[in-house]
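In what follows, chains carry the letters A, B, and so on, assigned in the order in which the sequence lines appear, proteins first and then strands, with residues in each chain numbered from 1. Note that this is a predicted model, so its numbers are computed, not measured.
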Amino acid sequence: GAGVSQSPSNKVTEKGKDVELRCDPISGHTALYWYRQSLGQGLEFLIYFQGNSAPDKSGLPSDRFSAERTGGSVSTLTIQRTQQEDSAVYLCASSRSADTQYFGPGTRLTVL
Amino acid sequence: EDQVTQSPEALRLQEGESSSLNCSYTVSGLRGLFWYRQDPGKGPEFLFTLYSAGEEKEKERLKATLTKKESFLHITAPKPEDSATYLCAVRGVGGYNKLIFGAGTRLAVHP
(Lines give C-alpha, C1' and ligand atoms only; values in the text may rest on other atoms or scores of the structure.)
Protein backbone atom coordinates (compact mmCIF):
# COMPACT_ATOMS: atom_id res chain seq x y z
CA GLY A 1 0.00 0.00 0.00
CA ALA A 2 0.97 3.65 -0.24
CA GLY A 3 3.39 4.96 2.33
CA VAL A 4 3.85 8.42 3.79
CA SER A 5 4.43 10.99 1.07
CA GLN A 6 6.02 14.42 1.40
CA SER A 7 6.33 17.37 -0.92
CA PRO A 8 8.37 18.99 -2.19
CA SER A 9 11.32 16.61 -2.06
CA ASN A 10 13.71 19.56 -2.22
CA LYS A 11 13.19 23.23 -1.43
CA VAL A 12 15.70 26.03 -1.85
CA THR A 13 14.71 29.40 -0.44
CA GLU A 14 16.23 32.71 0.45
CA LYS A 15 16.74 33.83 4.01
CA GLY A 16 13.67 35.64 5.29
CA LYS A 17 11.16 33.88 3.04
CA ASP A 18 8.34 31.67 4.32
CA VAL A 19 8.12 27.99 3.31
CA GLU A 20 5.41 25.33 3.53
CA LEU A 21 6.15 21.63 3.67
CA ARG A 22 3.42 19.05 3.10
CA CYS A 23 2.88 15.56 4.50
CA ASP A 24 0.30 12.95 3.41
CA PRO A 25 0.15 10.18 6.04
CA ILE A 26 -0.71 6.54 5.50
CA SER A 27 -4.47 6.13 5.14
CA GLY A 28 -6.09 5.23 8.44
CA HIS A 29 -3.21 6.44 10.61
CA THR A 30 -4.51 8.77 13.30
CA ALA A 31 -1.15 10.01 14.55
CA LEU A 32 1.21 12.25 12.60
CA TYR A 33 4.68 13.54 13.57
CA TRP A 34 7.22 16.00 12.24
CA TYR A 35 10.96 15.56 12.89
CA ARG A 36 14.01 17.49 11.72
CA GLN A 37 17.34 15.91 10.79
CA SER A 38 20.28 18.26 10.59
CA LEU A 39 23.57 17.24 8.96
CA GLY A 40 25.37 14.71 11.12
CA GLN A 41 22.75 14.83 13.87
CA GLY A 42 19.97 12.58 15.04
CA LEU A 43 16.31 13.14 14.35
CA GLU A 44 14.82 15.90 16.47
CA PHE A 45 11.11 15.80 17.38
CA LEU A 46 9.13 18.88 16.37
CA ILE A 47 5.36 18.29 16.74
CA TYR A 48 2.83 15.48 17.17
CA PHE A 49 -0.85 15.29 16.18
CA GLN A 50 -3.20 12.60 17.51
CA GLY A 51 -6.76 12.57 16.24
CA ASN A 52 -8.71 15.59 17.45
CA SER A 53 -6.53 16.15 20.51
CA ALA A 54 -4.48 19.30 20.97
CA PRO A 55 -1.08 18.81 19.27
CA ASP A 56 2.12 18.36 21.27
CA LYS A 57 4.17 21.35 20.10
CA SER A 58 6.94 20.91 22.67
CA GLY A 59 9.66 20.33 20.06
CA LEU A 60 9.11 23.42 17.91
CA PRO A 61 12.38 25.42 18.13
CA SER A 62 10.85 28.89 17.82
CA ASP A 63 7.58 30.71 17.13
CA ARG A 64 8.59 30.92 13.47
CA PHE A 65 7.59 27.26 13.20
CA SER A 66 3.96 26.15 13.08
CA ALA A 67 2.02 23.17 11.82
CA GLU A 68 -1.55 22.24 11.18
CA ARG A 69 -3.39 19.11 10.27
CA THR A 70 -6.60 19.47 8.29
CA GLY A 71 -9.40 16.92 8.46
CA GLY A 72 -7.26 14.53 10.45
CA SER A 73 -5.14 13.73 7.41
CA VAL A 74 -2.78 16.03 5.49
CA SER A 75 -0.40 18.19 7.51
CA THR A 76 1.52 21.33 6.62
CA LEU A 77 4.64 22.54 8.44
CA THR A 78 5.22 26.26 7.95
CA ILE A 79 8.48 28.06 8.67
CA GLN A 80 8.25 31.84 8.62
CA ARG A 81 11.17 34.19 7.99
CA THR A 82 13.55 31.29 7.33
CA GLN A 83 17.10 31.40 8.68
CA GLN A 84 20.17 29.53 7.50
CA GLU A 85 20.08 27.34 10.62
CA ASP A 86 16.69 26.03 9.46
CA SER A 87 18.45 24.13 6.66
CA ALA A 88 17.82 20.44 7.31
CA VAL A 89 15.79 17.45 6.18
CA TYR A 90 12.24 17.61 7.52
CA LEU A 91 10.72 14.17 8.03
CA CYS A 92 7.09 13.28 8.56
CA ALA A 93 5.89 10.02 10.11
CA SER A 94 2.50 8.50 10.82
CA SER A 95 1.21 5.68 13.00
CA ARG A 96 -1.96 3.98 14.14
CA SER A 97 -2.41 5.59 17.56
CA ALA A 98 0.58 4.60 19.75
CA ASP A 99 1.94 2.10 17.24
CA THR A 100 5.15 1.99 15.17
CA GLN A 101 5.94 5.19 13.28
CA TYR A 102 6.47 4.96 9.51
CA PHE A 103 8.47 7.72 7.87
CA GLY A 104 8.19 9.54 4.59
CA PRO A 105 11.16 10.33 2.31
CA GLY A 106 11.62 13.81 3.75
CA THR A 107 11.93 17.33 2.37
CA ARG A 108 15.43 18.72 2.09
CA LEU A 109 15.29 22.45 2.89
CA THR A 110 18.18 24.71 1.96
CA VAL A 111 18.11 28.34 3.11
CA LEU A 112 20.56 30.53 1.22
CA GLU B 1 15.83 13.51 30.56
CA ASP B 2 15.42 10.70 28.02
CA GLN B 3 18.64 10.06 26.11
CA VAL B 4 19.99 7.64 23.49
CA THR B 5 23.67 7.07 22.66
CA GLN B 6 24.78 4.89 19.77
CA SER B 7 28.22 3.42 19.18
CA PRO B 8 30.31 3.24 17.19
CA GLU B 9 29.59 6.32 15.05
CA ALA B 10 30.89 4.48 12.01
CA LEU B 11 31.78 0.87 11.29
CA ARG B 12 33.52 -0.66 8.31
CA LEU B 13 33.15 -4.40 7.77
CA GLN B 14 34.25 -6.88 5.18
CA GLU B 15 31.48 -8.91 3.58
CA GLY B 16 30.76 -11.87 5.88
CA GLU B 17 32.38 -10.26 8.94
CA SER B 18 29.77 -10.30 11.73
CA SER B 19 29.54 -7.49 14.28
CA SER B 20 27.22 -5.64 16.67
CA LEU B 21 25.96 -2.09 17.01
CA ASN B 22 25.21 -0.68 20.45
CA CYS B 23 22.39 1.57 21.65
CA SER B 24 22.54 2.75 25.27
CA TYR B 25 19.52 4.53 26.67
CA THR B 26 18.09 6.27 29.70
CA VAL B 27 14.35 6.75 29.72
CA SER B 28 11.56 7.24 32.22
CA GLY B 29 9.49 4.11 31.75
CA LEU B 30 10.40 2.43 28.48
CA ARG B 31 7.42 2.06 26.17
CA GLY B 32 9.40 0.72 23.25
CA LEU B 33 12.86 0.70 21.71
CA PHE B 34 12.94 1.00 17.93
CA TRP B 35 15.55 0.22 15.28
CA TYR B 36 15.40 1.89 11.88
CA ARG B 37 17.59 1.70 8.81
CA GLN B 38 18.23 4.86 6.77
CA ASP B 39 19.73 4.91 3.29
CA PRO B 40 21.23 8.16 1.92
CA GLY B 41 18.56 10.60 0.79
CA LYS B 42 15.70 8.51 2.15
CA GLY B 43 13.54 8.40 5.24
CA PRO B 44 14.12 5.87 8.04
CA GLU B 45 12.81 2.37 7.33
CA PHE B 46 11.35 0.48 10.31
CA LEU B 47 13.17 -2.69 11.37
CA PHE B 48 12.21 -3.77 14.91
CA THR B 49 10.38 -2.81 18.09
CA LEU B 50 11.44 -4.25 21.47
CA TYR B 51 9.42 -3.67 24.62
CA SER B 52 11.00 -5.55 27.53
CA ALA B 53 14.39 -6.78 28.71
CA GLY B 54 15.24 -10.19 27.31
CA GLU B 55 13.21 -9.71 24.17
CA GLU B 56 14.81 -10.57 20.81
CA LYS B 57 13.67 -10.02 17.23
CA GLU B 58 15.23 -11.32 14.00
CA LYS B 59 14.96 -10.40 10.33
CA GLU B 60 17.26 -11.96 7.75
CA ARG B 61 20.84 -11.17 8.84
CA LEU B 62 19.75 -8.80 11.63
CA LYS B 63 18.96 -9.64 15.25
CA ALA B 64 17.99 -7.07 17.88
CA THR B 65 18.25 -7.69 21.62
CA LEU B 66 17.28 -5.61 24.65
CA THR B 67 18.46 -5.25 28.24
CA LYS B 68 17.40 -2.71 30.87
CA LYS B 69 20.10 -0.28 29.77
CA GLU B 70 20.99 -1.06 26.17
CA SER B 71 20.09 -2.74 22.92
CA PHE B 72 22.29 -4.47 20.40
CA LEU B 73 21.78 -4.90 16.69
CA HIS B 74 23.73 -7.98 15.64
CA ILE B 75 24.60 -8.31 11.96
CA THR B 76 25.54 -11.82 10.87
CA ALA B 77 27.54 -12.37 7.68
CA PRO B 78 26.72 -8.91 6.31
CA LYS B 79 26.46 -8.13 2.60
CA PRO B 80 27.23 -4.83 0.84
CA GLU B 81 23.49 -4.12 0.61
CA ASP B 82 23.39 -3.92 4.42
CA SER B 83 25.39 -0.69 4.18
CA ALA B 84 23.28 2.11 5.68
CA THR B 85 22.89 4.22 8.80
CA TYR B 86 21.17 2.35 11.61
CA LEU B 87 19.11 4.47 14.00
CA CYS B 88 17.96 3.58 17.50
CA ALA B 89 15.08 5.40 19.22
CA VAL B 90 13.13 5.10 22.47
CA ARG B 91 9.66 6.07 23.54
CA GLY B 92 9.14 6.85 27.21
CA VAL B 93 6.16 7.19 29.49
CA GLY B 94 6.36 10.95 29.79
CA GLY B 95 6.87 11.85 26.15
CA TYR B 96 3.45 11.11 24.71
CA ASN B 97 4.30 9.22 21.54
CA LYS B 98 7.42 11.04 20.39
CA LEU B 99 10.63 9.14 19.72
CA ILE B 100 14.04 10.14 21.06
CA PHE B 101 16.68 9.18 18.50
CA GLY B 102 20.37 8.47 18.78
CA ALA B 103 22.77 9.95 16.22
CA GLY B 104 23.05 6.62 14.40
CA THR B 105 25.80 4.22 13.32
CA ARG B 106 27.01 4.45 9.71
CA LEU B 107 27.74 0.94 8.50
CA ALA B 108 29.78 0.25 5.38
CA VAL B 109 30.15 -3.35 4.20
CA HIS B 110 32.81 -3.91 1.55
CA PRO B 111 33.02 -6.90 -0.82
Side-chain angles (χ1 to χ4, degrees), chain A residues 1-10 21 23-26 29-51 53-60 67 88-110, chain B residues 1-10 21-51 55 57 59 64 66 71 84-106:
Chain A
V4 177
S5 61
Q6 294 186 245
S7 61
S9 55
N10 281 283
L21 312 180
C23 172
D24 281 273
I26 293 171
H29 282 192
T30 57
L32 186 148
Y33 318 77
W34 284 97
Y35 292 84
R36 177 168 71 175
Q37 187 172 34
S38 301
L39 190 63
Q41 298 190 18
L43 276 75
E44 171 192 9
F45 168 79
L46 297 177
I47 188 168
Y48 159 54
F49 296 90
Q50 172 59 60
S53 302
D56 173 8
K57 303 179 181 181
S58 61
L60 295 179
V89 176
Y90 290 82
L91 290 157
C92 176
S94 70
S95 71
R96 283 196 298 261
S97 189
D99 205 345
T100 299
Q101 296 178 28
Y102 294 90
F103 284 83
T107 293
R108 180 175 298 278
L109 175 66
T110 303
Chain B
E1 181 180 340
D2 298 347
Q3 193 168 354
V4 177
T5 303
Q6 291 188 247
S7 63
E9 288 185 14
L21 313 182
N22 177 265
C23 171
S24 297
Y25 65 90
T26 54
V27 65
S28 301
L30 182 69
R31 291 177 55 222
L33 184 141
F34 302 81
W35 282 99
Y36 287 86
R37 168 191 171 129
Q38 187 173 29
D39 292 297
K42 297 188 176 181
E45 173 189 349
F46 170 72
L47 292 174
F48 304 109
T49 308
L50 302 167
Y51 291 101
E55 189 174 359
K57 294 267 179 82
K59 180 180 179 180
L66 180 65
S71 176
T85 295
Y86 290 85
L87 302 172
C88 173
V90 296
R91 182 171 66 202
V93 168
Y96 291 91
N97 204 26
K98 69 183 180 187
L99 297 179
I100 306 298
F101 279 86
T105 294
R106 292 189 313 278

_Taking side chain as everything from C-beta outward and backbone as N, CA, C, O, which of these in L91(A) sits under 4.5 Å from a heavy atom of chain B? Side chain, backbone, both or neither._
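Contact with chain B is through the side chain of L91(A) alone.
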
*S9(A) portion near chain B, given a 4.5 angstrom heavy-atom threshold*: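 No part of it gets close to chain B.
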
_Looking at every non-hydrogen atom in both residues, tell me the closest pair between Q101(A) and Y36(B) and how far apart they are._
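Reported closest heavy-atom pair: O-OH, 2.6 Å.
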
_Contacts of type salt bridge (charged side-chain N to carboxylate O under 4.0 Å, His left out), residue K57(B), not counting sequence neighbours_ =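 K57(B) satisfies salt bridge (charged side-chain N to carboxylate O under 4.0 Å, His left out) with E55(B) only.
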
*If you measure from CG on L43(A) to NZ on K98(B), what distance do you get to the nearest 0.5 Å?*
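Nearest 0.5 Å value for the CG-NZ distance: 13.5 Å.
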
*What part of E9(B) lies closer than 4.5 angstrom to a heavy atom of chain A: side chain, backbone, both or neither?*
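Contact with chain A: none, neither part.
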
_Side chain to side chain, P44(B) and Q37(A), heavy atoms closer than 4.5 Å_ =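 Not touching, per the 4.5 Å side-chain cut-off.
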
*For L99(B), does its backbone N or O pair with a side-chain atom of Y35(A) as donor and acceptor, under 3.5 Å?*
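Yes.
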
_Any residue meeting side chain to side chain contact (heavy atoms under 4.5 Å, CB included) with A88(A), in chain and number order, not counting sequence neighbours_ =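 For A88(A), the residues satisfying side chain to side chain contact (heavy atoms under 4.5 Å, CB included) (neighbours in sequence not counted) are R36(A), S38(A), Y90(A).
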
